[in-house]
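To keep things clear, I will list the structure first and then write my remarks on it.
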Number of protein chains: 4
Amino acid sequence: MTKPQAERRQRANGVESRRRILDAAVEIAGERGYEGTSIAAVKARCGLPASSIYWHFKDKDDLIAAVIERSFETWLSAVELPDESIGTPLERVTAMAANVARSLLDEPDFLRLGLMLALEQRPTEPRGRTQFLEARAVARQKVAEVIHLLLPSLEEDDVETLTTYAIAGADGLFVQRQINGDSVDLTRLFRLHAELVYEAGLRMAQAHA
Amino acid sequence: MTKPQAERRQRANGVESRRRILDAAVEIAGERGYEGTSIAAVKARCGLPASSIYWHFKDKDDLIAAVIERSFETWLSAVELPDESIGTPLERVTAMAANVARSLLDEPDFLRLGLMLALEQRPTEPRGRTQFLEARAVARQKVAEVIHLLLPSLEEDDVETLTTYAIAGADGLFVQRQINGDSVDLTRLFRLHAELVYEAGLRMAQAHA
Amino acid sequence: MTKPQAERRQRANGVESRRRILDAAVEIAGERGYEGTSIAAVKARCGLPASSIYWHFKDKDDLIAAVIERSFETWLSAVELPDESIGTPLERVTAMAANVARSLLDEPDFLRLGLMLALEQRPTEPRGRTQFLEARAVARQKVAEVIHLLLPSLEEDDVETLTTYAIAGADGLFVQRQINGDSVDLTRLFRLHAELVYEAGLRMAQAHA
Amino acid sequence: MTKPQAERRQRANGVESRRRILDAAVEIAGERGYEGTSIAAVKARCGLPASSIYWHFKDKDDLIAAVIERSFETWLSAVELPDESIGTPLERVTAMAANVARSLLDEPDFLRLGLMLALEQRPTEPRGRTQFLEARAVARQKVAEVIHLLLPSLEEDDVETLTTYAIAGADGLFVQRQINGDSVDLTRLFRLHAELVYEAGLRMAQAHA
DNA sequence: AATGAATGAGGATTCATTCAT
DNA sequence: AATGAATGAATCCTCATTCAT
């Protein structure tokens with residue numbers, strides 16, 4: 001008798017629909033990568049017909065790029081919050097490391113999908129990959145700033161090296177967690193990583209002094 | 001008797017055909033991942049008809065698994081060679097790091113494809129992924145052995161942690177190279193990584209002494 | 001009151017919108033025929049959303065029919081102008097031929113699209129095709145009248161034959177121009193055509209005398 | 001009991017299958033033009049699945065081009081047969097005209113489809129169109145040869161003009177037949193056309209004498 | 001050991017059209 | 001007078017796989 005409301009034709013609501021599509025796509029893309037993210041799968045998970053997905057996104061490339069973009073923003077805001085500058089430098093570094101570790105435990109889709117895209121080498125690069133690399137460049141800049149702040153006497157070149165190494169460690173630890181699951185204590189390893197990077201920085205600074 | 005020379009290549013030669021298929025598949029899989037590696041694409045690159053691929057390999061899963069297997073073996077033999085135990089421990093560690101760095105510059109297909117597979121989380125895991133994880137376990141065992149050899153007083157638990165961290169760094173640096181190309185000095189970063197891991201091990205050993 | 005100027009184009013203006021849609025549709029239909037004229041293509045070229053096209057036209061069939069109608073009217077008025085009856089009959093015939101030739105150089109969309117539709121034989125005939133055939137019947141009637149005027153002694157049957165032949169030549173020459181481009185001197189060929197038709201008419205008239 | 005043979009899985013026979021596909025495609029394309037020739041329609045008419053059509057033809061463009069090619073060959077061999085050089089020149093001309101008229105009554109698909117393609121002006125020209133224009137160039141060459149044979153004293157330039165006009169008339173008459181059906185006596189009109197062209201040629205030859 | 005041909009399921013995308021506002 | 005959003009059916013084409021030879 002009381003035909004459920006949900007069954008009625010949705011009142012047109014672009015923003016909400018777009019969100020539903022992205023929600024579905026981020027899950028699937030995080031699981032199956034670029035090629036594995038079929039429009040049919042997204043449609044099945046979000047309930048909107050394929051043609052509606054194409055109303056909101058030009059093509060699959062566009063959808064994946066939007067997924068990356070939103071996913072990165074979510075992740076970034078999850079990471080950035082506790083910016084308070086208290087404690088010794090080392091304490092602050094390890095606090096930040098713990099923060100990143102937690103964010104990667106909570107919101108791993110962004111990085112998993114991004115790394116999958118980044119590892120690919122298609123002749124015509126998907127826009128999602130570009131989007132990820134841009135997001136990554138933003139993140140890299142932030143890391144470099146933190147390093148410069150903590151170790152102001154470091155040479156430009158050494159900041160670069162340290163930044164690269166810091167991010168590499170983060171990526172690698174995320175991969176380990178991805179592969180080996182709960183047996184990997186991300187938080188502890190990230191703290192170790194932060195300490196080692198910081199000490200390497202100290203030593204570099206002394207070497208140049 | 002009078003069969004023209006030009007036909008000779010067509011003559012049955014299982015080993016050679018199998019090799020051609022794998023050569024083609026490793027390239028494409030390295031470019032496009034699991035889903036992106038279509039039989040049609042392999043066929044186009046190796047010149048053999050699709051049905052011939054199925055003569056040599058049970059199915060696509062089997063082909064990808066074989067790609068991983070062969071690619072890992074190639075890589076492993078490229079890494080292992082200079083095993084001579086000369087010099088100080090630290091020297092030996094950095095020599096090995098340089099060795100791994102070089103191998104990742106030369107034979108990146110194995111790791112790129114493997115990481116792509118490892119990052120996926122599809123419901124039914126492809127055999128290629130299992131194959132990669134097994135290969136990875138072998139490599140991990142070797143790393144653990146080396147660490148145990150260099151730092152015999154380390155607790156089991158610390159060896160595990162250090163091994164995980166060592167491999168994470170290697171993966172992460174490979175990803176950096178993959179993304180940022182020649183601007184990343186893999187050799188130098190690997191040496192830095194090796195030093196940091198070694199020192200972390202020394203400190204762990206002292207802490208427990 | 002304070003509505004910015006830039007918004008003004010958005011203001012409701014049915015006639016103008018309708019014109020823009022038809023302008024876009026005539027171009028696309030001239031390029032791609034009936035099936036090839038997608039609403040999306042029209043929308044892209046005229047800038048109005050698809051739903052606006054449906055506000056102005058019942059359906060695609062209706063749009064194409066309107067295109068044909070307007071295109072034919074434009075063409076007809078371009079052809080008819082210099083109707084003055086001066087000079088010898090042959091002079092008048094060749095003047096008219098030149099006139100038609102010129103119109104086909106200027107306004108080819110009508111005939112190109114019409115012929116495409118006419119050549120099709122789909123089960124359910126598009127209304128645009130009917131529209132074209134009606135326009136064509138009008139044109140045919142005019143040609144027949146001219147022939148009758150110039151050669152009043154011709155039998156009804158011969159007028160019909162000559163009319164058919166006259167129009168066939170015009171169509172055929174238009175096609176030649178369409179295919180071979182500027183290398184076809186439409187004006188000269190139309191004059192030749194007019195002469196031949198006129199002489200054929202003279203001979204027919206004599207044969208019956 | 002006796003399951004009909006036709007129901008059994010076809011024994012692989014590429015040539016036969018290709019023929020069936022072309023037979024189906026030529027009918028549909030003749031009816032509905034390029035865009036209207038959907039792979040689904042061809043599949044329905046020939047009984048082979050769409051993927052089999054793609055085994056034999058690279059894509060739809062390739063299929064249509066093959067249709068044009070085969071259709072032109074069929075038509076050409078239907079036209080060419082009675083080549084005997086007997087009778088007066090005019091008699092021979094009208095005999096040939098009758099021949100062409102009959103061929104267009106029997107095998108109209110080639111020309112109908114070809115003209116549809118020729119009238120289109122897509123940005124990226126379909127290969128079928130090119131194929132048709134090439135076929136048309138061959139036919140044009142033959143017409144020019146016949147004209148030169150019958151009127152050897154004609155200037156090169158006049159042969160060209162006459163050829164263009166001759167073909168234009170043929171196209172135009174075919175279109176008339178296509179539109180007005182049986183009420184158009186193609187044979188008679190073609191004979192008239194042949195006579196007029198021949199006389200125009202005679203006059204041109206005299207003018208230059 | 002190899003392959004030409006075939007095939008059903010599914011891929012991304014576009015279609016003409018409608019509807020609520 | 002107009003439009004953002006939606007939609008089911010159809011589009012072309014590729015997929016992994018099989019089979020008879």
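By convention in this document, chain letters (A, B, ...) are assigned in the order of the sequence lines, proteins followed by strands, and residues within each chain are numbered from 1.
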Rounded to whole Å, please give me the gap between [atom1] in [X] and [atom2] in [N].
X	N	atom1	atom2	answer
C:Arg20	F:dA1	CZ	C1'	13 Å
D:His56	E:dA5	NE2	P	6 Å
D:Ile28	F:dC12	CD1	P	11 Å
B:Leu48	E:dG4	CG	P	10 Å
A:Leu63	E:dG11	CG	P	15 Å
C:Asp62	E:dT17	CG	P	10 Å
C:Arg32	E:dT14	CZ	P	12 Å
C:Lys43	F:dA5	NZ	P	11 Å

(request) Between B:Arg18 and D:Gly47, name the one whose nearest nucleotide on DNA chain E is closer to the 5' end. (result) B:Arg18
(message) Tell me whether the side-chain N or O atoms of C:Trp55 pair up with the base of F:dA2 as donor and acceptor below 3.5 Å, since no angle test is needed here.
(response) yes
Any Lys/Arg nitrogen of [X] or [Y] sitting under 4.0 Å from an Asp/Glu carboxylate oxygen of the other?
X	Y	value
B:Arg122	B:Glu35	yes
A:Asp61	A:Arg129	no
D:Arg70	D:Glu73	no

(request) Output the single nucleotide from E:dT7, E:dT3, F:dA2 whose closest atom is nearest the side chain of B:Pro49. (result) E:dT3
(message) Assess, by modelled atom type and distance only, whether the side chains of D:Arg112 and C:Gln121 contain a donor and an acceptor separated by less than 3.5 Å.
(response) yes
(request) Measure across A:Leu63 and A:Ala25 and return the closest heavy-atom pair with its distance rounded to 0.1 Å. (result) CD1-CB, 4.0 Å
Tell me the partner of [N], counting only Watson-Crick (N1-N3 plus N6-O4 or O6-N4) or G-U wobble (N1-O2 and O6-N3) with both under 3.5 Å; none if nothing fits.
N	answer
F:dA1	none
F:dA9	E:dT14
F:dT14	E:dA9

(message) Which residues pass the side-chain hydrogen bond (donor to acceptor under 3.5 Å, both in side chains) test with B:Arg45, not counting sequence neighbours?
(response) B:Glu27, B:Glu31
Could you pull out the protein-nucleic contacts involving nucleotides 13-15 of chain F (nitrogen or oxygen on both sides, under 3.5 Å)?
residue, atom, partner, partner atom, Å
F:dC13, OP2, D:Tyr54, OH, 2.6
F:dC13, OP2, D:Lys60, N, 2.9
F:dC13, O5', D:Tyr54, OH, 3.2
F:dC15, OP1, B:Ser38, OG, 3.3

(message) Out of the candidates A:Tyr34, A:Phe72, A:Phe110, only one should pair with A:Phe132 under the ring pair (Phe, Tyr, Trp, His ring centres under 6.0 Å) rule; please name it.
(response) A:Phe110
